[in-house]
Structures are given as C-alpha cells and as structure tokens.
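Heads up, the thing below is written out as structure tokens.
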Amino acid sequence: MASLRDIKTRITSTKKTSQITRAMQMVSASKLSRAEANAKGFVPYMDKIQEVVASIALGSKDVTHPMLQTRPVKKTGYLVITSDRGLAGAYNSSILRNVHKKIQERHTSKDDYVIIAVGRMGRDFFRNRGMEVAEDVTGLPDQPNFADVKEIVRKTVDLFSEGAYDELYMYYNHFVNAIQQDVTEKKVLPLTDIESSGGRLSSYEFEPSAEEILEVLLPQYAESLIYGALLDGKASEHAARMTAMQNATDNAKELIGSLTLQYNRARQAAITQEITEIVGGAAALE
Amino acid sequence: MKTFNVNIVTPDGPVVDTNVELVSAKAKSGELGIMAGHVPMVAPLQIGAVRLVLGDNKSELVAISGGFLEVRPDQVTILAQAAEKAENIDAARAKEAKMRAERLLQGKQDQVDLKRAELALKRATNRLNVHEGKL
C-alpha cells in the first residue's frame, strides 16, 4: 500500500490539475460565446451573397464562368481546418482520421491530391505521414476577422483558378451545439450546388454585364464559404475544448474522491497499527 | 424626399443600416447614383468611397474595398469584404498601411506581389481620403 505521504502528494497534484482544467474550461466557454457571436454576425453577409449568386447563376442559363464548370478531375484539393493546440478532445483526431481515410480511398498516387492545412495539428499530422502540405496557416487568432484569413482564403481560390487542382473539398467540424460537433465534408469548387435560400429570385439588370459581375462575385462567394467554415470550425474548437476540460475536471474530482478514501483508510490502518503496537508493548511489560 | 433602406454588410458583420435619399458609389463602369425606386440591379464596385445622403444636407462617407452593390425596389445592399465609416477609420493605421504598400511597390519586381501592393496602396489611400472627407 502506498504511504500516507505518497497519497497526499497525489491528491494535491490532482487538485492543481483540476484547477487548471477548470480555468481552461471557463476560458473556452467565454471564447465559445464570442465565436458564436462572430458566426452569427457573418450570417447576413452569407445569406445575401448566396441569394445574389443564386439569382444570377440560376436565373440566366447562358452565363458561364470557370468556377461554375466541372472540369475533368486530375488533382483534388483538400482544405483541412484543425486547431493549433490540442486538449480539445476528439476535435482534431476525428477530422484527421476522416480526411486520411477519404484520401486513402480516393487516391492511389501522391500526385493526385493537394493538401492545404489550417492549424498546426493538421499540418503536423500530414507531414508526419509524408503527405505533402502545399499551403499551411498556423497561429490564427481565436476570434479571426476577415482580414486575418484573407490571404489563405484568396490563395485557396486562386490555386483553383490557376488549375493547381480541379476540385476542392473542405473539412471542418460543424458546430451543432456545445456538446456536439460534426465532421463535415463540403465541396467548395467548382460551385455546382448553389442552393437558393428559398425566397423568390429577383431578375436584375447587370451593370456592365452578367459575366463581369460573376467575375467579381464568384471568387468572393467561394472565399466567404471558406471563411464561414473557419468561423464554424473555431466555434467547434472552443466547444470541444470546453467539453474536454469539463470532463477532465469531473474525472479529477472523482480521482480526488477515491484517493481521499484511500488516504483515510491508510491513516486509520496506521492508527490501528500504532494502538496495537502500544497495547502489545504494554502487555509485554506486565 | 423619398427614402429607402441601405445595408452595408461585411463578413465581420453589418456596418451600416440606415434610411437614405441617395447612394452614390463608384462602380467598375463609372459613378452610380441611386435613388428610391431604382430598377433592380447588380454592379461590381471599385475600391472607393460610398456617399450616403441622409437628407437635410447631411451625408456620410463609407470606405469600401471592392465588393458589389445590389439594388432592389425597396432596398440597397452593398456586400464588401471590408467597409468602414469615416469616423471609425484609424488614420494612423491607414497611413502606416499606405507607407508599407509604397515600400513594397518600390522594392518588389514580382508581378503578383506588385499587383497586391498596388491594391493595398489603393485601399489605404481610399481610407485616408474618406477619413479626411474627400470623395
């Protein structure tokens, strides 16, 4: 049996750990509420741009744009959104497992795909497995605004336009609620499944022409899709970390409980032993 | 005079939501003035200032970095990647950005970087102009 002092040390260290995890949980909770607010602020923009894109792209059948056309797929791009830091439960591992499996299924050669990694966990995962990461971004702030992600977002869309890949999938954790985040695969480019958000499609006049508007509009639309996923991913990250830390705190509490029980038993055993020894000693003197 | 609702939305949230008499913006094809009852229209915008005439000779300037403008019978929406009201512009930061862009323009030979620096310079100059109330 472990000595009294050993158990005492374990109890104190577990207590300290639980203080840290509880603090991290509270930090994540406040970050989550801000991330949710950010994601909410983005909704009007996304809705609007979707509405306009849908009414132009679906309204006039004769307009074409490279981003709307499916071309034969020689190379596939994967944009994988993960976090920079761990301690977020299954947040990163579930995405990475999913992407890794999909890539193994779909591609036989390394030349068939390009990986763009957001977040250190994703980048390191692919590098360690000898899969080349074409672009990577790390060190995104917890509350990214559009200016922070403009570079990567633009680069991703440009790479498609330049023909570096012929389709682009994006993987991220979709935020459902604080305890549920779903790994989501979304095909970003080409923009084949533009859904109109229900409402009536208005017919516009185009100044100067529909083509030229699509020229501006479609990259902007694709960029906002990616930005939306980044915001969604951030919210999920904070939620996942919050839940993970909540669990860690609960487990620590449980551990402290059982350790305290052990400690008390050991203490009682020690006392009993002492009494027996004294009584034994006294009996020997008589 | 008849007024209508104007929304300026960016990925970071709405910037402007007011009723105005006239919106004047720089589209790719030239200056546009829009009043109530305009035909539904979509037009891409240049990096530039948007002037909102509120009535009573009051007007407001907003710096816009590209994007486009959508006109509906009862409402005008401007979707831009970044937009700032004149009073919210940080002049010191804009000046810094301008200087940085100018340095880049002088140093770099690369075609892509050159283009990017030019755009950055345009945006910074635009923000400074709007801040000072120039159109």
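In what follows, chains carry the letters A, B, and so on, assigned in the order in which the sequence lines appear, proteins first and then strands, with residues in each chain numbered from 1.
For A/Gln143, no part sits under 4.5 Å from any heavy atom of chain B, backbone or side chain. Both the backbone and the side chain of B/Val42 come within contact range of chain A, with heavy atoms under 4.5 Å apart. Neither the backbone nor the side chain of A/Asn38 comes within less than 4.5 Å of any heavy atom in chain B.
Close approach to chain B, defined as a heavy atom under 4.5 Å from one of its heavy atoms, is seen in A/Glu223, A/Tyr227 of residues 222-240 of chain A, taken by number.
Nearest heavy-atom pair across A/Ile213 and B/Pro44 is CG1-CD, 3.4 Å. For the residue pair B/Pro14 and A/Gly41, the shortest heavy atom distance occurs at CD-O, 4.2 Å. Contact record, A/Pro44 with B/Val9: CB-CG1, 4.1 Å, taken as the closest heavy-atom pair.
Between chain A and the options B/Ala27, B/Gly30, B/Pro11, B/Gly13, the largest number of non-hydrogen pairs under 4.5 Å is found for B/Pro11. Among B/Gly67, B/Pro73, B/Gly66, the residue making the largest number of heavy-atom pairs under 4.5 Å with chain A is B/Gly67.
Annotation for A/Arg127: atom CZ counts as buried by contact number, over 12 foreign heavy atoms lying within 6.0 Å.
In this structure, CZ on B/Phe68 lies 14.0 Å from CD on A/Glu215, to the nearest 0.5 angstrom. Atom CZ of residue A/Phe42 and atom OG1 of residue B/Thr10 lie 9.5 Å apart, to the nearest 0.5 angstrom. With rounding to the nearest 0.5 angstrom, the OG1 atom of B/Thr77 is 3.5 Å from the NZ atom of A/Lys48. The distance from the NZ atom of A/Lys150 to the CD atom of B/Gln81 is 7.5 Å, given to the nearest 0.5 Å.
By the 4.5 Å heavy-atom criterion applied to side chains, B/Lys28 and A/Val216 are counted as neighbours.
Residues forming a salt bridge (charged side-chain N to carboxylate O under 4.0 Å, His left out) with A/Glu132 (at least two apart in sequence, or on another chain): none.
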